[in-house]
Amino acid sequence: MTSAGGAAPTNFIREIIQADLEAGRYDRVVTRFPPEPNGYLHIGHAKSICLNFGLAEAFGGRCNLRMDDTNPSKEDAEYERAIREDVRWLGFDWGEQVYYASDYFEQLYAWAVQLIRDGKAYVDDLSADEIRAYRGTLTEPGRESPYRDRPVAENLELFERMRSGEFPDGAKVLRARIDMASGNLNLRDPVMYRILHATHHRTGDRWCIYPMYDFAHGQSDAIEGVTHSVCTLEFEDHRPLYDWFCKALGIHHPRQIEFARLNLSYTVMSKRKLLQLVEEGRVAGWDDPRMPTISGLRRRGYTPEAIREFCARIGVAKKDSTVDLALLEHCLREDLNRRAPRRMAVLRPLKVVIENYPEGQTETFDAVNNPEDPSAGTRPVPFSRELYLERDDFMEDPPKKFFRLAPGREVRLRYAYFIRCVGVVKDADGRVVELRCTYDPATRGGDAPDGRKVKATLHWVSAAHAVEAEVRLYDRLFSHPNPDRAGEGSFLDHLNPDSLEVLRGCRLEPCLAGARAGDRVQFERLGYFCADPDTADGRPVFNRTVTLRDAWAKLRKKGG
RNA sequence: UGGGGCGUCGACAAGCGGUAAGUCACCGGAUUUUGAUUCCGGCAUUCGGAGGUUCGAAUCCUCCCGCCCCAGCCA
């Protein structure tokens with residue numbers, strides 16, 4: 001069980017469970033999170049994970065992690081490994097063991113035989129195309145297969161031969177015998193087993209017939225004593241079938257409850273599309289920091305706490321909805337604000353020479369590590385005659401609302417001195433390459449004894465002491481709020497061409513030399529950053545997790 | 001034209017017959033050695049629409065409209 005749940009607000013699922021408990025329908029609560037190991041987990045799965053583990057925790061029950069591994073042609077042990085890692089990282093504990101649908105293959109087979117014996121399942125020789133044709137359409141009923149009334153004994157024998165490998169893929173299937181005229185397509189004699197001569201990553205070549213989702217999921221729930229099988233809306237149509245199998249088999253009958261899956265603006269969530277992004281090299285892999293995968297978010301610098309808080313805030317309902325990415329980012333900033341140490345980093349360096357500061361002199365200032373957390377203490381930051389400032393913090397011909405550095409203007413260097421720009425050095429092309437400034441020794445520490453004010457406080461890094469680094473600026477992967485439904489064309493048409501900008505030659509304050517992969521910091525005035533695994537000794541690589549809220553950027557955008 | 005769902009502020013979401021919570025976003029304004037954080041204020045006379053029941057309806061009934069899902073031997 002978990003210890004990670006927050007105080008999640010109530011929702012309709014909790015109410016159903018509460019009512020079930022009170023009515024005595026179940027005497028305990030068991031849920032499960034059942035991913036298919038055919039891809040990486042994403043933020044949408046996080047919603048389901050938080051929901052299922054959270055439900056179990058709220059009712060003092062248990063939540064099983066179960067691999068829904070019934071299709072060997074798509075699944076892989078690597079995905080399984082990643083799933084465990086991600087669930088664990090999110091902060092959930094699945095207890096003694098991971099469960100596997102594949103562990104139930106023998107039992108599932110026995111249950112299939114039982115249904116055949118009861119005349120409720122039959123072996124069909126129709127091809128896939130024929131089955132489709134016989135199924136009918138949304139508005140017309142289907143037709144019964146000519147093999148539907150095979151004698152039980154023949155069905156039994158054929159099914160056994162299917163298992164023993166006598167038939168090639170697709171030659172036969174086992175079908176439930178329900179109702180070819182049902183308005184619910186799932187009830188038109190759904191396929192229970194198909195022949196698949198494929199090696200399963202766990203059962204190897206022991207099987208060449210594999211159960212379909214509908215004949216595996218509910219039964220797996222039953223075996224594990226699941227009481228509430230929570231899944232997404234698209235399975236609502238499957239519930240009658242889920243119930244039919246449990247009833248026909250006379251086994252423990254969990255209640256299936258459906259909720260709306262998570263959609264996030266500016267991102268795609270389907271595994272198919274995420275896979276495509278990876279396979280076509282649109283991103284660097286499943287853990288590319290632009291991906292909505294758990295591993296991508298982790299590498300980007302997200303915290304499990306922020307993701308859990310987000311999941312608690314979005315709620316659980318049956319309405320199709322798309323949550324604003326801004327909410328996710330808000331949860332992230334909220335968490336990082338209270339825990340990320342502050343550092344100074346200049347991403348686009350502009351050299352500054354303090355003309356009246358003695359050459360060769362260095363002094364040290366104490367900088368606060370985290371204004372939100374006094375216990376985080378301070379660190380020393382060296383200051384000298386030559387510094388780097390952010391190019392964006394200087395404008396030669398500033399607009400009215402710009403109150404950073406400009407010719408003749410005075411600003412404060414954080415923790416250090418007031419400086420005034422007295423000269424601009426340009427190259428042959430007229431590009432600003434260096435600033436000449438003077439400092440006021442009386443403002444040491446950042447306050448003027450005469451009480452004069454400055455409108456801006458800038459971050460800076462001493463040139464001689466700076467650590468060079470690579471910084472990767474990430475932005476949303478898609479430029480359209482809903483890449484899935486943005487008119488005709490592919491979602492790929494809406495990829496944001498500026499989703500990644502790599503900056504080299506960035507200058508960090510010296511204490512960042514020892515950054516280790518996974519370290520999260522706030523670069524003051526810029527945003528939250530996380531040291532990437534590509535970080536090498538003495539050569540940090542930082543990913544921008546998210547920018548700080550930026551009133552100036554907003555202003556600038558408005559003004560054109 | 002079949003079956004299953006869903007419609008409350010720009011985005012989420014409470015509300016469960018007694019007269020529209022909260023959050024994000026947005027817009028002010030205060031404090032600030034991060035144009036950050038924090039703080040304070042604003043933001044649905046109205047609940048997809050139309051009727052009806054009721055002293056009273058977002059909540060109950062009827063009809064209509066809109067959106068989503070289902071025709072894999074995927075999950």
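The chains referred to below are lettered A, B, ... by the order of the sequence lines, with proteins before strands, and numbering in each begins at 1. Not measured: the values here are computed from a predicted model.
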Could you tell me whether [X] contacts a base, only the sugar-phosphate backbone, or nothing, with contacts defined as non-hydrogen atoms closer than 4.0 Å?
X	answer
A:Phe167	nothing
A:Ala317	sugar-phosphate
A:Ile131	base
A:Arg414	base

Say we look at [N] and [M]: how far apart would their [atom1] atoms be, to the nearest angstrom?
N	M	atom1	result
B:G5	B:G41	C1'	41 Å
B:A20	B:C16	C1'	15 Å
B:C12	B:A25	P	15 Å
B:C47	B:U34	P	46 Å

A:Arg150 (side chain) donor-acceptor with A:Val123 (main chain) under 3.5 angstrom: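 Such a contact is found between A:Arg150 side chain and A:Val123 backbone.
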
Check: A:Leu327 main-chain N/O paired with A:Asp324 side-chain donor or acceptor under 3.5 Å: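 It does not hold such a pair.
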
Please tell me which of the listed nucleotides, [options], lies nearest to the side chain of [X]?
X	options	answer
A:Ser321	B:G3, B:A75, B:C12	B:C12
A:Arg404	B:G35, B:A71, B:C26	B:G35
A:Arg132	B:C26, B:A75, B:A71	B:A71

Evaluate the ring planes of A:Phe478 and A:Phe491, with Trp represented by its six-membered ring, and classify them as parallel (under 30°), tilted (30 to 60°) or perpendicular (over 60°).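 Tilted: the ring planes of A:Phe478 and A:Phe491 meet at 30° to 60°.
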
Rounded to whole Å, please give me the gap between [atom1] in [X] and [atom2] in [N].
X	N	atom1	atom2	value
A:Phe529	B:U34	CZ	P	18 Å
A:Arg272	B:A75	CZ	C1'	15 Å
A:Phe235	B:C68	CZ	P	19 Å
A:Met67	B:A75	CE	P	16 Å
A:Lys273	B:C74	NZ	P	21 Å

Pair assignment for [N], Watson-Crick or G-U wobble, requiring both distances under 3.5 Å:
N	answer
B:C67	B:G5
B:U62	B:A50
B:A14	none

Judged by each residue's nearest nucleotide on RNA chain B, which is more toward the 5′ side, A:Asn186 or A:Pro34?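 It is A:Asn186, whose closest nucleotide lies nearer the 5' terminus.
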
Between A:Thr322 and A:Glu140, name the one whose nearest nucleotide on RNA chain B is closer to the 5' end.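 Mapping each residue to its closest nucleotide by heavy atoms, the 5'-most match is A:Glu140.
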
Should the side chain of [X] and the base of [N] be counted as holding a donor-acceptor pair, with the cut-off at 3.5 Å?
X	N	value
A:Asp237	B:G3	yes
A:Glu15	B:C16	yes
A:Arg313	B:U23	no
A:Glu372	B:U38	no
A:His459	B:A36	no

Distance to the ring centre below 6.0 angstrom and angle to the axis at most 45 degrees; does that hold for A:Arg412 and A:Phe418? no

Is there ring stacking between A:Tyr213 and B:A75, where the centres must be under 5.5 angstrom apart and the planes under 30 degrees? no

Does anything in residues 335-346 of chain A pair up under salt bridge (charged side-chain N to carboxylate O under 4.0 Å, His left out), and if so which pairs, sequence neighbours excluded? A:Glu305-A:Arg339, A:Asp335-A:Arg338, A:Asp335-A:Arg339

For A:Arg525, give me all partners under salt bridge (Lys or Arg N to Asp or Glu O under 4.0 Å), at least two apart in sequence or on another chain.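 Partners of A:Arg525 under the salt bridge (Lys or Arg N to Asp or Glu O under 4.0 Å) test: A:Asp393.
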
